[in-house]
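What follows is a set of notes on a single structure, which appears directly below.
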Amino acid sequence: MALQLMKIAISGTIDTDVNPDSSKFFYITTADTAAGSTLSIDAASFLGDDGEEVTTLPELAEDNSYFTVEINGVEQMQGISTYTPGATGTGSLDIAVPAGGESIPANQTVILQVVNFAATSSGTFDT
């Protein structure tokens, strides 16, 4: 018998839904935050997208989420912000204002957006 190349023939389809869950939180600064200092915003200081007071900031799904911070409509670099999920007294957003830069003046809008994905996939294969 002659040598032959053996292989498996498989065809299939995979359907994936990413199912994003986005939450926005709003805060108006009450005082100037000088360069070199940190603006700390407790969960209870935010208003939700519906205008209601917030009591808890959502968890970030491991390896399937992100958060963004905007100040006066300008998205900020991820490295200056620290997000801590949780209820009042635990949940917070800290923004480290870089030394030698500009301060964050009072009455500025800070928007925190938290996005979690609940991806699901299903597939069918024929051999």
Side-chain angles (χ1 to χ4, degrees):
M1 173 188 271
L3 296 176
Q4 296 179 359
L5 177 63
M6 307 302 266
K7 65 179 182 175
I8 298 174
I10 297 176
S11 63
T13 11
I14 296 177
D15 294 315
T16 301
D17 294 318
V18 292
N19 304 313
D21 179 21
S22 176
S23 302
K24 287 184 187 173
F25 305 95
F26 301 85
Y27 174 76
I28 305 292
T29 59
T30 57
D32 291 357
T33 304
S37 60
T38 300
L39 170 61
S40 294
I41 309 168
D42 184 75
S45 298
F46 282 103
L47 294 177
D49 217 7
D50 58 3
E52 297 293 320
E53 292 180 356
V54 172
T55 57
T56 302
L57 295 174
E59 294 286 331
L60 291 171
E62 186 176 339
D63 297 327
N64 224 7
S65 61
Y66 68 91
F67 72 93
T68 61
V69 176
E70 295 178 18
I71 300 175
N72 252 3
V74 178
E75 190 167 342
Q76 301 300 306
M77 294 178 173
Q78 193 78 28
I80 67 168
S81 300
T82 302
Y83 176 75
T84 305
T88 302
T90 302
S92 65
L93 175 67
D94 293 330
I95 303 170
V97 183
E102 297 291 322
S103 65
I104 300 174
N107 299 314
Q108 304 302 299
T109 303
V110 176
I111 301 172
L112 166 65
Q113 182 177 23
V114 177
V115 180
N116 284 296
F117 296 95
T120 57
S121 293
S122 61
T124 56
F125 298 92
D126 298 316
T127 56

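Since the structure is predicted, the reported quantities are computational estimates derived from the model, not experimental observations.
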Common cluster, [X]/[Y], ILVMFWY with side-chain heavy-atom separation under 4.5 Å:
X	Y	result
Leu60	Ile95	yes
Tyr83	Val110	yes
Leu5	Ile8	no
Leu39	Ile111	no

Indicate the atoms forming the closest heavy-atom contact of [X] with [Y], along with that distance.
X	Y	value
Asp50	Glu52	OD1-N, 3.0 Å
Glu102	Val97	O-CG1, 3.2 Å
Pro20	Phe117	CB-CE2, 3.6 Å
Ala35	Gly100	CB-N, 4.1 Å
Gly89	Asp42	N-OD1, 2.9 Å
Ala43	Gly86	CB-O, 3.9 Å

Answer yes or no: is there a side-chain heavy-atom contact under 4.5 Å between [X] and [Y]?
X	Y	result
Pro105	Asp32	yes
Leu93	Ser81	yes
Ile28	Asn107	yes
Leu112	Ile41	no

Rounded to the nearest 0.5 Å, how far apart are [atom1] of [X] and [atom2] of [Y]?
X	Y	atom1	atom2	value
Tyr66	Gln113	OH	CD	5.5 Å
Ile71	Ile80	CD1	CD1	5.5 Å
Asp15	Thr124	CG	OG1	7.5 Å
Phe25	Leu47	CZ	CG	11.0 Å
Gln78	Thr68	CD	OG1	7.5 Å

Give a yes or no on whether the backbone of [Y] and the side-chain of [X] come within a donor-acceptor separation of less than 3.5 Å.
X	Y	result
Ser92	Thr84	no
Gln4	Ala2	no
Asp94	Thr82	no
Asn116	Glu59	yes

Atom CD of Glu53 with >12 non-hydrogen neighbours under 6.0 angstrom | no
Residue that, paired with Val114, satisfies side-chain contact (heavy atoms from CB on, under 4.5 Å) out of Ser65, Pro58, Pro85, Ser22 | Pro58
Would you kindly say whether Thr55 and Thr88 are connected by a side-chain donor-acceptor distance under 3.5 Å?
-> no
Contacts of Phe46 meeting ring pair (Phe, Tyr, Trp, His ring centres under 6.0 Å) (sequence neighbours excluded), chain-then-number -> none
